[in-house]
Amino acid sequence: MEDTVLKLGKYEFNSRLFVGTGKYQTFDIMKEALEASGSEVITVAVRRANIGGKPGESLLDHIDKDKYTILPNTAGCYSADEAVRTALLAREMGISDLIKLEVLGDENTLLPDPVDTLKATETLVKEGFTVLVYTSDDPIAAKRLQDAGATSVMPAGAPIGSGQGILNPNNIRIILETLSVPIIVDAGVGTASDVTVAMELGCEGVLLNTGIALAKDPVKMARAMKLACESGRLAHLSGRIPKKLYANASSPLKDF
Amino acid sequence: MQINVNGENKECSTETSVSKLLESLDIDNRYIAVELNHKIVPRTQFNEMILRENDSLEIVTFVGGG
C-alpha cells in the first residue's frame, strides 16, 4: 500500500519511527540498532563538552549525518529559559534547526511543565525553530501548543522511560481529532505492541529511546519496533472493522 | 589570567582567543557551541574573540539522548 511521506515543516520522512541515542552500552550497538530501526530521525541531547576529550569520542562521529536527520532535545531543562538557551546552543552547532522541546516539571515524574512548555514553544517558534514539543496527553494543553506554532505535538504515552505503553488512548484520540498538526507519541513505549497501538490510533509517528536501548537485545528490538510501526500504520490506513459484541462467522453458515 | 570553563577554573595567557583556548583544552571543535558570559559566540568569531580575566565559558556538544 502506498503511503504518503511524513511532513514536518520543510522536512519529509518515509520512516515514522524516531529513535533516541541515549543509554546504549556501546556506540557500535547504537549504530546497529539505529540501522535496524529504519529511522531517519534520531534524537540527541546537549551537554557540557568533555574537556580533553579525544577526537573520535564524539557521538556524531558514530552517526552518518547524510543518512539521519538530527533532532536535538532540551532534555533536563526545568524552565522555559533553560530550554530556550539549550535550543539556541543546539542550533549553533550548525546541524539542525529542529528542536525536540521538553520542559520538565520535576525529576521523579519527568512530566512536562505545561506553562513553561507553552512559553518556550512561543519563543522558539519566533526564533524560527521547527518545534516538536513534548507534552502530556492533555488535549487542551496539546491544542495550546499547536496554536503557539508547534510543528508537531508529541504527547507522552506514559512517563518517560517507564515502558508502560499508551496509558490513555482516549486522550490520544481526542488530540488526534482536535489538532491538525502531526501527532507523534513520545515517551513511555515499552515494546512493539505499544508502537502499533499508537500508530493504529492514527498518530503520525512514534519517538522512543529506552524501549530499544535497554532491551536485552537492542538490535532485535529495534527491528521489532520498525515492523510494529509499519504494521500499525498500515492497519490505520486500512480501516479496521468495528468491534462487535457478538460473533460474526467467517465461513458460510449454510449446509452443503 | 583566570577564566572559568564549564564550571572549572582555568589559567590562560592574555590575548587567548576562543580558538586557542579550545585547542589548548584538547576540545574537538567540530560539534560544539560556545557561550561566553551567557552569550553565544558564533563559530565565525572563534578566532577573533579574545578572552578577558574572569570570563566564564560554557562549551557544549551533542551526547546520546532520547
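Below, read A as the first sequence line, B as the second, and so on, with proteins coming before strands; counting in each chain starts at 1.
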> Does the distance from a Lys or Arg side-chain N to an Asp or Glu carboxylate O, for B:E15 and B:K20, drop under 4.0 Å?
no
> At a 4.5 Å cut-off on heavy atoms, which part of A:I63 comes close to chain B: side chain, backbone, both, or neither?
neither
> Which answer fits B:K39, side chain, backbone, both or neither, if we ask what part of it has an atom under 4.5 Å from a heavy atom of chain A?
neither
> For the pair A:D116 and A:K119, find out whether any cationic side-chain nitrogen is under 4.0 Å from an anionic carboxylate oxygen.
yes
> Should B:S19 and B:N47 be marked as a side-chain hydrogen bond (donor to acceptor under 3.5 Å, both in side chains) after you check the CA-CA gap, both sets of side-chain angles, and the distance that decides it?
CA-CA 5 Å; B:S19 292; B:N47 283 331; 2.6 Å; yes
> Only pairs of heavy atoms separated by less than 4.5 Å count here; which of B:E35, B:E8, B:R43 has the most with chain A?
B:E35
> With the threshold set at 4.0 Å, does a side-chain nitrogen-carboxylate oxygen contact exist between A:E230 and A:K226?
yes
> Does any heavy atom of chain B fall under 4.5 Å from the side chain of A:A90, the backbone, both, or neither of them?
both
> A:K100 versus chain B, heavy atoms under 4.5 Å apart: side chain, backbone, both or neither?
side chain
> Grab the two heavy atoms, one from A:L98 and one from A:P72, that are nearest each other, plus how far apart they are.
O-CD, 3.2 Å
> If you tally heavy-atom pairs under 4.5 Å against chain A, which of B:I59, B:L22, B:V34, B:V41 wins?
B:I59
> So which part of A:R91 gets closer than 4.5 Å to some heavy atom of chain B, the side chain, the backbone, both or neither?
neither
> Please determine, by modelled atom types, if A:K10 and A:T130 share a side-chain donor-acceptor pair under 3.5 angstrom.
no
